[in-house]
Amino acid sequence: MADDKKLTKRSEDFSAWYNEVVLKAELADYSPVRGCMVIRPRGYGIWERMQHQLDTMFKETGHENAYFPLFIPESFMKKEAEHVEGFAPETAVVTHGGGKKLEEPLIVRPTSETIIYAMYAKWVQSYRDLPILINQWANVVRWEMRTRLFLRTLEFLWQEGHTAHATHEEAGEEARRMLGVYRDFMEGYMAMPVVTGVKTDAERFAGALQTYSCEAMMQDNKALQSGTSHDLGQNFAKAFDLRFQTEAGGIEFAWNTSWGVSTRLIGGLVMTHGDDNGLRVPPLLAPIEIVIVPIWRSEEDKGRVKAAAHLIKESLLSWERRIPGRLRVHVDDRDGIKPGAKYFEWELRGIPLRLEIGPRDLDQNQAILVRRDTGVKRAVSLSSVGEDAADLLHLIQETMLIDARERREHNSIRGGITYARFREVMEGDGGFVYAGWCGDAKCEAAIKEETKATIRVLPDEEFRSAEPPKTCLKCGSASIAEALWAKAY
RNA sequence: CGGGGCGUAGCGUAGCCCGGUAGCGCGCCUGCUUCGGGAGCAGGAGGUCGCUGGUUCAAAUCCAGUCGCCCCGACCA
């Protein structure tokens, strides 16, 4: 049945489409544990490439990796009032170990601020010990009510950077710097454009002074918070007695930041780039960039075409490209499956470039390159296939970002929207709406109540409208900041 | 936790009202023919019908209970 093979269309049921893509492209699968998923090799391969690139960027900005325990003493969590209040409802608690009740319950980390700053307090005596710039790659647990593959699971993988500084200014710069790193990564590698800005009180991280965020627009026009960076001020330093002696001889509390991105990014990748044929992976993150499909009729052709396919792979692997690393190539020479079936399979999995080689091509010393993003086919000479493939991959990467940005702008509304119109938009197609805000949390809450839309961020300057809004979207009094409103994941 | 739905082969499902040998599609295995956009034919493997109890000569089917999952609402990367 042909219908069994087709995905639900995005326009029919976006949520069903998303689940099918994740499962059928073999990125992840449901596990026997409620709310927890298994990340399969094709999904984990993308995560590994994300990790590698981010890790490089963290190192380039002076950070080192370390590892802190999974378990956090309950008393640690309780030391920062807002923090415990924010996370208590969603923590998993270990009460027994080795068959005995523990004297003090252990929290399975939902995030590691408390244990990390407790350790920093031990390591820091003087301003000479600062800054501390540490990142850890870890799993965390948050006991969510409703889960979605990659977007919200009880356990997920992430990185959390934790830094300590001598001045607030330096910490503030760090928080902004890492937000910039996230943005560069999301746009440069994921081809996922983001709006950056600062969160309102309602959406701020529990225990932070300021939370900065990257917000991306998914194809259903909802916002995905894809990375956050926090200026923690001295809140945790005070809770954990993280003090240092200044150059002048006084004693001060250190200033902290924390910042993180998670496997949620994979969900963002799917919902940013996927189409009705399946996943589309930007080349820079694709574990396989090029799949070679040999085509044959006779036994005789089969031999020579398969041999040619492997030779082409060797040729591609030896190509010196401008970016680090070799081309990542796979030859699909499985017997008993027709080429067409292979095309559908690799398209579903989102491989950016397909190379078809058949007897007729071989006779003409050429191959066919097919782009996953546009479907456009092109014949190339076997003598220049490496260069052509590398160029196309580069072009695909660029095109995906441009297309995603165009889609976002097309679904963004700016300038003088009435609240009635706003409600229509949020009940209809949704999107990003830039509008004024009076600064009162009551207006924000009322809008959330009535439309489900929230302020995703107060956008950074480059994202703001040329003409600043004058009045609050809700109450009509003077606007103190332009806000980006949207429904969110 | 409130509302709605569903548990039958790896996946999707029919059968249930009206009890009586568990069926179909996809996938899987073998063979032959195929192979430039989801192949065809032939043969084959695969099921404690979520679980427990009850009614009955007999339960996927009727009754009671229970567990799990999915969808919609309040929290969240």
Side-chain angles (χ1 to χ4, degrees), chain A residues 1-8 13 15-16 19-20 23-24 29-35 85-91 110-111 138-160 182 199 202-206 211 213-216 223-230 258-268 277-278 293-299 301-302 305-306 332-348 354-364 366-368 370 375 377 379 445 448-449 452 454 488-489:
Chain A
M1 239 342 118
D3 284 354
D4 283 352
K5 295 175 180 170
K6 287 218 176 89
L7 289 169
T8 299
D13 185 343
S15 168
N19 285 332
E20 286 174 27
L23 295 171
K24 291 189 177 181
D29 201 355
Y30 293 108
S31 78
V33 187
R34 182 195 80 85
E85 196 183 322
F87 282 103
E90 51 180 281
T91 53
T111 179
N139 57 340
V140 286
V141 168
R142 297 182 185 178
W143 216 262
E144 304 290 350
M145 312 282 251
R146 296 194 51 204
T147 57
R148 297 280 316 271
L149 293 168
F150 287 115
L151 302 173
R152 187 175 301 109
T153 47
L154 297 199
E155 179 190 11
F156 57 93
L157 305 183
W158 78 344
Q159 58 67 216
E160 47 182 325
Y182 287 156
K199 289 286 191 184
E203 300 271 331
R204 190 189 303 131
F205 177 75
T211 288
S213 165
C214 294
E215 300 282 330
L224 183 78
Q225 183 177 123
S226 46
T228 49
S229 181
H230 315 290
S258 67
W259 27 275
V261 297
S262 72
T263 39
R264 180 180 240 202
L265 288 176
I266 297 172
N277 297 319
V293 179
I295 300 154
W296 60 79
R297 271 176 201 280
S298 64
E299 275 303 302
D301 282 344
K302 177 174 160 181
V305 170
K306 270 195 183 186
D332 184 357
D333 59 1
R334 287 175 296 174
D335 269 324
I337 300 175
K338 291 176 74 171
K342 293 181 183 178
Y343 301 166
F344 280 103
E345 190 174 312
W346 293 109
E347 280 167 8
L348 173 62
R354 178 174 76 241
L355 187 148
E356 306 173 3
I357 177 85
R360 293 203 296 273
D361 298 315
L362 207 47
D363 293 340
Q364 295 169 66
Q366 68 165 26
I368 309 295
V370 189
K377 298 190 179 192
K448 183 177 182 182
E449 178 76 21
K452 305 256 167 25
T454 51
Y489 273 96

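Convention: sequence-line order gives letters A, B, ...; per-chain numbering from 1.
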Mind listing the closest non-hydrogen atom pair of A:Trp143 and A:Val141 along with its distance?
CE3-CG1, 4.0 Å

Who are the salt bridge (Lys or Arg N to Asp or Glu O under 4.0 Å) partners of A:Arg297, not counting sequence neighbours?
none

Considering residues at least two apart in sequence or located in another chain, which fulfil the salt bridge (Lys or Arg N to Asp or Glu O under 4.0 Å) criterion with A:Lys377?
A:Glu356

Can you name the side-chain contact (heavy atoms from CB on, under 4.5 Å) partners of [X], sequence neighbours left out?
X        : answer
A:Glu345 : A:Arg334, A:Arg349
A:Glu90  : A:Phe87, A:Arg142, A:Glu144
A:Thr228 : A:Thr211, A:Ser213, A:Gln225, A:His230

Check side-chain hydrogen bond (donor to acceptor under 3.5 Å, both in side chains) between A:Asn19 and all other residues, then give those that pass, not counting sequence neighbours.
none

For A:Ser258, enumerate each residue passing the side-chain hydrogen bond (donor to acceptor under 3.5 Å, both in side chains) test, keeping only those at least two apart in sequence or located in another chain.
A:Glu113

Given the [atom1] atoms of [N] and [M], what is the spacing between them in whole Å?
N     : M     : atom1 : result
B:U34 : B:C18 : C1'   : 49 Å
B:U61 : B:G7  : P     : 13 Å
B:G27 : B:C67 : P     : 39 Å
B:C62 : B:C24 : C1'   : 26 Å
B:G65 : B:A58 : P     : 23 Å
B:G68 : B:G25 : C1'   : 27 Å
B:C63 : B:C11 : C1'   : 32 Å

For RNA chain B, what is the dot-bracket line, given that a base pair needs Watson-Crick (N1 to N3, plus N6-O4 or O6-N4) or G-U wobble (N1-O2 and O6-N3) geometry with both distances under 3.5 Å, and | means paired with another strand?
((((((((.[[[[.)....(..]]]].((((((.....)))))).....[[[[[..)....]]]]])))))))....

For the side chain of A:Glu345 and the base of B:G37, is some donor closer than 3.5 Å to an acceptor across the two?
no

List the residues meeting ring-ring contact (aromatic ring centres under 6.0 Å, His included) with A:Trp346, not counting sequence neighbours, and say none if there are none.
A:His330

Detail all sub-3.5 Å separations between protein N/O atoms and N/O atoms belonging to nucleotides 32-36 of chain B.
from, atom 1, to, atom 2, distance (Å)
B:C35, OP1, A:Arg297, NH1, 2.8
B:C35, O2', A:Trp296, O, 2.6
B:C35, N3, A:Trp296, NE1, 3.2
B:G36, N7, A:Arg360, NH1, 3.4
B:G36, O6, A:Gly358, O, 3.4
B:G36, O6, A:Pro359, N, 3.1
B:G36, O6, A:Arg360, N, 2.7
B:G36, O6, A:Asp361, N, 3.3
B:G36, N1, A:Asp361, OD2, 2.5
B:G36, N2, A:Asp361, OD2, 2.8

For nucleotides 69-77 of chain B, 5' to 3', base contacts (B), sugar-phosphate-only contacts (S) and non-contacts (-) with protein non-hydrogen atoms under 4.0 Å give S--SSBBBB

How would you list all residue pairs meeting salt bridge (Lys or Arg N to Asp or Glu O under 4.0 Å) that involve residues 149-160 of chain A, not counting sequence neighbours?
none

With heavy atoms under 4.0 Å as the rule, sort A:Arg354 into base, sugar-phosphate or nothing.
base

